[in-house]
Protein chains: 2
Amino acid sequence: MRKVFLFMDTIINKVDAKGRVSLPADYRAIVKELDSEIVCYRSLTAPCIEGCTEDLLEKLAAEIETSTDFFSQTQDDLTNLVFGDARRFTFDSTGRIVLTEKLLKHAGITDTAIFVGKGRKFQIWNPENWAKEEARIRSEVMKKRPVLNTQKSGGEA
Amino acid sequence: MRKVFLFMDTIINKVDAKGRVSLPADYRAIVKELDSEIVCYRSLTAPCIEGCTEDLLEKLAAEIETSTDFFSQTQDDLTNLVFGDARRFTFDSTGRIVLTEKLLKHAGITDTAIFVGKGRKFQIWNPENWAKEEARIRSEVMKKRPVLNTQKSGGEA
DNA sequence: TTGCATCCCATAAAATACCATGCTATACCA
DNA sequence: TGGTATAGCATGGTATTTTATGGGATGCAA
């Protein structure tokens, strides 16, 4: 039995004409062990699909409810945005989910998708876009790293 | 069996001359599993119909009753409006509810309706109006998001 | 009896569950 | 350590079920 439930690794899978993709086996295992379901939505910040367990969304719902007023405009906007876009995805006996046209379009995915672990969440990218994004992130980190170090000690590398 | 009961996704359905609409299958599943019923009322804040399970309204009522400190006059008025306007909608064997003229008029719905998940609640819009509303919300959030981030750390694209 | 509302049936389309296969990664044994 | 057997996984195809939706029948009320 697993102790830690985090989405990790980067896995490429094919997307067929129906939009079917195998959810990486390890992701499936997590969802099963948590006795939860997958929820996907369009990322707000990047051209990719984002996914998490339904449990996490449930927590988010609770948080929105407690931190904003029942009749407030903010609660209205937030819930519309989050839950209006999200959708449950149950996987079949072979471990596949069927992504919607809306999601695939937003991520620019046609016949191949790449799953990127993000801990409690994961993302699904068009592989080419992800390659660029990963490069950007890595260079970004390298740019920031010396700055952070200088502040603390004296800089390195 | 489902653990989490949240209305999600955005689904377009037709409204026939009798005012009949199919409640999205997933919404029905939630209502059934909660062994509850659908309640709809005119949204107080937007030109749309709002719906939730009877259970939620029950909770709201209970909260008002048990709340020690008196509610403000406005809040009281709001709850009056909601409960006064709300009505049960049972769906038939094919999963349809019959919306009233009053509700349809308030939302400007004629032959097509779009269901928007909001977590514990959902909304029913005229598709065109919803398109505008969604755009408004997205731009609103994009404006606010950087602000929220700057307060915490240093902001991000 | 007539109008209105509810219920039931039929059908086409779409979503989803199932089956089969080849491949890959893992485990096992010499 | 190297080779082989095994189990798990991704993937293509097919069958079945569910869902949306139009039309009609039934029952109640005015």
Side-chain angles (χ1 to χ4, degrees), chain A residues 1-2 7-33 37-40 49 51 54 86-105 109-117 122 124-127 130, chain B residues 1-2 7-33 37-40 49 51 87-105 109-117 122 124-127 130:
Chain A
M1 210 15 156
R2 181 193 305 246
F7 296 111
M8 298 187 209
D9 206 357
T10 300
I11 290 113
I12 282 199
N13 279 338
K14 286 199 181 170
V15 181
D16 69 14
K18 300 179 193 168
R20 290 188 299 185
V21 216
S22 282
L23 197 69
D26 193 52
Y27 289 19
R28 265 181 275 162
I30 291 176
V31 176
K32 271 192 186 172
E33 286 189 45
E37 292 287 351
I38 284 292
V39 167
C40 291
I49 302 165
E54 212 176 16
R87 187 175 176 286
R88 254 175 138 229
F89 288 89
T90 55
F91 45 83
D92 62 22
S93 55
T94 67
R96 278 182 294 196
I97 58 175
V98 185
L99 294 172
T100 63
E101 194 53 44
K102 183 174 78 173
L103 292 175
L104 292 170
K105 192 180 168 191
I109 295 170
T110 55
D111 57 352
T112 321
I114 190 163
F115 290 78
V116 183
F122 60 88
I124 314 175
W125 287 76
N126 169 318
W130 168 246
Chain B
M1 216 6 157
R2 182 193 303 244
F7 296 109
M8 298 188 209
D9 206 358
T10 300
I11 291 117
I12 283 199
N13 279 339
K14 286 197 180 170
V15 182
D16 69 14
K18 301 177 191 172
R20 292 186 298 185
V21 215
S22 282
L23 197 69
D26 194 52
Y27 290 18
R28 266 180 277 165
I30 290 176
V31 177
K32 272 191 185 172
E33 287 191 43
E37 292 287 350
I38 285 291
V39 168
C40 291
I49 303 165
R87 183 177 173 288
R88 284 176 110 215
F89 287 87
T90 55
F91 46 84
D92 61 23
S93 57
T94 66
R96 278 183 292 197
I97 57 175
V98 184
L99 294 171
T100 63
E101 194 52 44
K102 183 174 77 174
L103 292 176
L104 290 170
K105 193 181 168 190
I109 294 171
T110 55
D111 59 351
T112 321
I114 191 162
F115 290 79
V116 182
F122 62 87
I124 313 175
W125 286 77
N126 169 317
W130 167 246

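In what follows, every heavy atom counts, from backbone to side chain, and hydrogens, waters and symmetry copies are set aside.
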If each end axis of the helix from C:dT1-D:dA30 to C:dA30-D:dT1 is fitted on five C1' pair positions, the angle between them, to 10 degrees, is 40°
Distance col, row A:T90:OG1 vs A:E54:CD, nearest 0.5 angstrom, shows 10.0 Å
Could you give the distance from CD1 (B:I11) to CZ (B:F7), rounded to the nearest 0.5 Å?
11.0 Å
Over 60° means perpendicular and under 30° means parallel, so classify the ring planes of B:W130 and B:W125, tilted if in between.
tilted
Where does the angle between the aromatic ring planes of A:F122 and A:Y27 fall among parallel (under 30°), tilted (30 to 60°) and perpendicular (over 60°)?
tilted
Check every nucleotide of DNA chain C for an atom under 4.0 Å from a heavy-atom of chain B, then give the first and the last such nucleotide from 5' to 3'.
C:dT6 to C:dC9
Residues in contact with DNA chain C, drawn from residues 11-20 of chain B - heavy-atom cutoff 4.0 Å:
B:K18, B:R20
Contact check, residues 89-100 of chain B vs DNA chain C, heavy-atom distance under 4.0 Å, returns B:T94, B:R96
If we only count heavy atoms from C-beta on, is the B:V31 to B:F91 side-chain gap below 4.5 Å?
yes
Is there a side-chain contact between A:I49 and A:L99, using heavy atoms and a 4.5 Å cut-off?
yes
Tell me the closest heavy-atom pair linking [X] and [Y], and the distance in Å.
X      : Y      : result
A:L104 : A:G19  : CD1-CA, 4.3 Å
A:I12  : A:I114 : CG1-CD1, 3.5 Å
B:V98  : B:F89  : O-CE2, 3.1 Å

I'd like to know if the side chain of A:N13 and the backbone of A:S22 have a donor-acceptor N/O pair within less than 3.5 Å.
yes
Filter on salt bridge (Lys or Arg N to Asp or Glu O under 4.0 Å), then keep only pairs touching residues 93-102 of chain B, sequence neighbours left out; what's left?
B:D85-B:K102
Could you work out, with salt bridge (charged side-chain N to carboxylate O under 4.0 Å, His left out) as the rule, every residue matching A:D26, not counting sequence neighbours?
A:R2
